[in-house]
Amino acid sequence: MADQKASSKKYKFKAEITQLLDILVHSLYTHRDIFVRELISNAADALDKVRFEEVRGTEIADPDLDYEIKIELDKDKKLFVITDTGIGMTKNDLINNIGTIAHSGTADFIKQLAAESKESNAGPNLIGKFGVGFYSVYMAGTEVVITTRSFKKDEKAYEWRSDGTGSFTITELDNAPRGTRIEVHLREEALEFAEKYRIESVIRKYSNFVSFPIRINGEQVNTISAIWREPKSTIKDEQYKEFFKFLTNNEEEPLTHLHLSADVPIQFNSLLFIPKVNYEIMGLGEREIGVNLFLRRIMVQDHCKDILPQYLRFVRGVVDSDDLPINISRETLQENTDIVRIKNVLVKKLLSHLEELAQKEPETYKTFWNEFGRIFKEGYSDYANVEKFAELLRFNSSHHENAEGLTSLAEYAERMVEGQKDIFYLSGNNRDSVAKSPHLELFKKKGIEVLFFTEPLDEFVVTGLHKYKDFELKSADQTDPASLKDIKSTTDDAKKDEKKADSKKLGDLCTRIKNILGERVTEVRASERLTDSPAVLVNPDGSMSAQMQKIMQTINKDMKVPAKIMEINPTHPLIENMLKVYQKDAKDAYLTRATENLYYSVMILDGYISDPHKMVEEMQELLVESSNMYTEKF
Ligand code: ADP
């Protein structure tokens with residue numbers, strides 16, 4: 001310990017500091033651990049500065065001292081002591097730097113803090129976001145003693161001492177090693193900060209990547225280096241994996257990583273990972289999501305949601321910049337132009353990285369898609385990146401034999417048949433129901449691939465995209481068969497055409513069916529699109545697709561199913577028989593029964609079961625009738 005000289009002098013804190021200290025001591029306590037971060041951060045800065053001086057050839061005091069940060073804890077004496085071998089402070093530095101708050105905006109911050117700390121729980125949150133530098137030490141300490149000596153040759157050593165209630169004293173010392181030692185006499189309520197495990201956990205959280213060794217009672221605790229700040233070429237795959245495990249507190253390895261550094265439009269380093277598993281689905285809340293924001297190796301915010309857009313929220317990692325303002329708060333983060341710049345660069349790079357992954361490692365990309373595709377699709381509204389976004393989309397389609405297959409829009413476009421101008425999709429609840437939909441029959445006949453949309457979001461994606469390259473995206477259940485007449489059929493349906501019924505009679509049957517169904521349909525007509533099914537419901541032009549209607553219905557339960565067009569297949573045995581009955585007796589009750597059942601069955605196929613009692617009643621009456629006919633034969 002340094003020897004003390006008689007020459008002590010007492011100084012008063014500036015008014016704003018006194019106010020700040022008062023708030024810190026009396027109102028804020030849940031984020032007390034911030035003080036450890038702040039002191040370590042100051043120590044690391046001081047070491048950076050002295051290293052800089054040494055590198056540029058300045059003669060420095062005690063050149064043999066290692067660059068390091070030492071923390072000594074003593075439970076019995078209730079002491080937390082942090083020592084660095086950094087740049088140290090002169091007497092003037094002590095008065096000017098420790099006696100004032102230099103940050104711009106600090107006065108506003110204190111006002112806000114004062115206002116919020118009056119409300120029960122608001123204040124403590126604010127402090128975690130902001131940091132108040134050296135003074136946060138008074139959240140945990142009653143008395144603080146700084147011993148320091150500047151790196152400049154021939155400077156004296158000084159002791160600064162204050163209980164944080166309005167004044168401090170500065171005393172000249174005979175000697176002390178270069179650097180700064182801060183002795184914190186802990187409050188009774190803050191004795192946890194004399195425990196090694198507690199300090200370790202704070203360091204692990206905020207200060208793990210400080211580039212100087214941090215030792216607690218002699219043992220180094222920060223062992224993982226800030227690899228994102230090092231050149232890519234020097235980092236081994238193992239290091240990335242190790243870092244990811246550290247970051248996620250998990251044994252899982254990442255699916256892929258992206259390591260980048262940028263200088264324009266803003267300097268930053270970043271290391272981003274896509275996990276193998278979607279933790280959101282596994283029930284982990286959004287709290288765990290988002291990248292960590294660092295400022296010169298010190299974490300200022302974990303799980304920061306503003307650095308990446310929502311649709312990339314599964315990305316984990318680190319963004320570290322030298323250029324951000326220190327007093328950045330969660331409230332201002334979103335509007336901060338530097339953050340916006342970083343975000344723009346990161347999104348572009350991430351999308352390019354995914355594109356590359358899709359090309360070079362299709363299997364890995366598939367894993368990515370299966371885990372995160374659902375979240376990724378939310379990016380349909382990122383208009384600035386819509387082209388890249390579209391290339392990254394994947395869908396199952398009629399090209400695939402089962403639900404496993406995935407196709408990109410580019411692959412779809414390559415497979416388009418001669419004369420095809422649009423990209424077609426069909427929505428439904430699951431693959432099976434879409435793949436068997438009567439709406440597909442026309443497309444099968446023409447050999448046209450149809451994308452299967454089985455998630456509600458898919459419809460929104462289409463609304464966001466409108467087009468892929470020059471091709472419009474069109475719903476198969478709203479496509480007019482006439483628009484496809486230039487595309488030759490690949491299946492043989494000539495025979496069926498021969499059997500086509502007399503169109504006049506068929507038209508009459510359509511009118512009869514329309515009369516039976518009344519307002520429930522807008523029109524009944526002979527179908528050009530069906531080959532196997534007896535009937536199908538078609539959306540009138542310009543109306544919402546069936547899937548979108550269902551989405552709307554989940555939002556608004558009272559919304560009625562809008563009336564649709566019913567198309568009937570003249571070549572189907574049921575319709576042929578109905579026509580026969582109609583020709584014999586246009587009023588035959590069988591026509592009503594068959595029509596009702598047909599209507600209900602196509603409604604079910606489209607996913608509507610609005611009136612099951614009526615439906616079942618009709619069906620059962622038909623069963624009774626057919627069983628009567630059957631038993632008549634006995
Ligand atoms: P900030 O670090 O954000 O500037 P602080 O209140 O934490 O604010 O510190 C004020 C100033 O005191 C620092 O800018 C630095 O000049 C000086 N200082 C604090 N701690 C140390 C230290 N360990 N070594 C040298 N100078 C320090």
Side-chain angles (χ1 to χ4, degrees), residues 11 13-14 16-21 23-24 33-54 60-62 65 67-72 80-107 109-110 113 127-141 144-152 155-162 164 168 170 176-184 206-207 210-212 214-215 294-300 322-329:
Y11 300 82
F13 282 124
K14 294 202 169 140
E16 59 175 14
I17 304 260
T18 312
Q19 195 188 349
L20 172 62
L21 287 171
I23 297 165
L24 290 176
D33 59 0
I34 288 292
F35 92 92
V36 179
R37 173 184 85 176
E38 298 292 318
L39 294 187
I40 290 177
S41 165
N42 282 348
D45 280 351
L47 285 161
D48 265 333
K49 285 179 196 160
V50 80
R51 184 165 59 183
F52 177 75
E53 291 297 339
E54 189 169 30
I60 59 169
D62 299 341
L65 284 179
Y67 297 138
E68 63 175 358
I69 300 169
K70 276 195 294 197
I71 294 174
E72 284 146 302
F80 170 98
V81 184
I82 176 167
T83 309
D84 66 68
T85 50
I87 200 161
M89 282 177 274
T90 63
K91 184 172 177 183
N92 272 345
D93 290 340
L94 277 173
I95 296 169
N96 296 332
N97 299 344
I98 298 287
T100 55
I101 294 183
H103 304 325
S104 59
T106 307
F109 166 65
I110 293 174
L113 198 59
I127 195 145
K129 295 166 211 162
F130 215 103
V132 285
F134 170 76
Y135 292 99
S136 56
V137 73
Y138 286 102
M139 291 195 286
V144 177
V145 183
I146 303 176
T147 313
T148 184
R149 185 156 70 87
S150 167
F151 76 103
K152 290 176 190 153
E155 272 290 341
K156 296 232 155 25
Y158 294 94
E159 182 196 270
W160 178 103
R161 182 183 283 269
S162 176
F168 58 90
I170 293 184
R178 182 196 77 217
T180 303
R181 175 181 192 275
I182 299 176
E183 185 179 287
V184 184
Y206 297 110
S207 317
V210 166
S211 52
F212 304 97
I214 306 176
R215 299 199 168 87
F294 281 67
L295 203 87
R296 276 173 264 131
R297 290 192 166 87
I298 306 274
M299 192 174 78
V300 286
D322 289 353
D323 292 351
L324 290 174
I326 176 110
N327 56 359
I328 197 156
S329 75

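As the structure lists them, so they are numbered: ligands from 1, and atoms in each ligand from 1. Residue numbers count from 1 along this sequence.
- Pairing each heavy atom of Ala61 with each of Arg178, the nearest pair is O-NH1, 3.0 Å.
- Checked for salt-bridge contact, Glu183 and Arg181 meet the test: a charged N lies under 4.0 Å from a carboxylate O.
- Here Glu155 pairs with nothing under the side-chain hydrogen bond (donor to acceptor under 3.5 Å, both in side chains) rule; sequence neighbours left out.
- At a 4.0 Å cut-off, at least one heavy atom of Met89 sits close enough to ligand 1 to count as contact.
- Looking at Asp84 next to ligand 1, an N or O pair under 3.5 Å apart turns up.
- Looking at ligand 1, you'll find an N or O of Asn97 within less than 3.5 Å of one of its N or O atoms.
- On a distance-only criterion, Gly88 and ligand 1 share no N/O pair closer than 3.5 Å.
- For Glu38, no nitrogen or oxygen atom sits less than 3.5 Å from a nitrogen or oxygen atom of ligand 1, counting backbone and side chain alike.
- Partners of Glu54 according to the salt bridge (Lys or Arg N to Asp or Glu O under 4.0 Å) rule, which considers only residues two or more places apart in sequence or in another chain, do not exist here.
- Of the possible donor and acceptor atoms, none in the side chain of Thr90 sits under 3.5 Å from a partner among the backbone N and O of Ser150.
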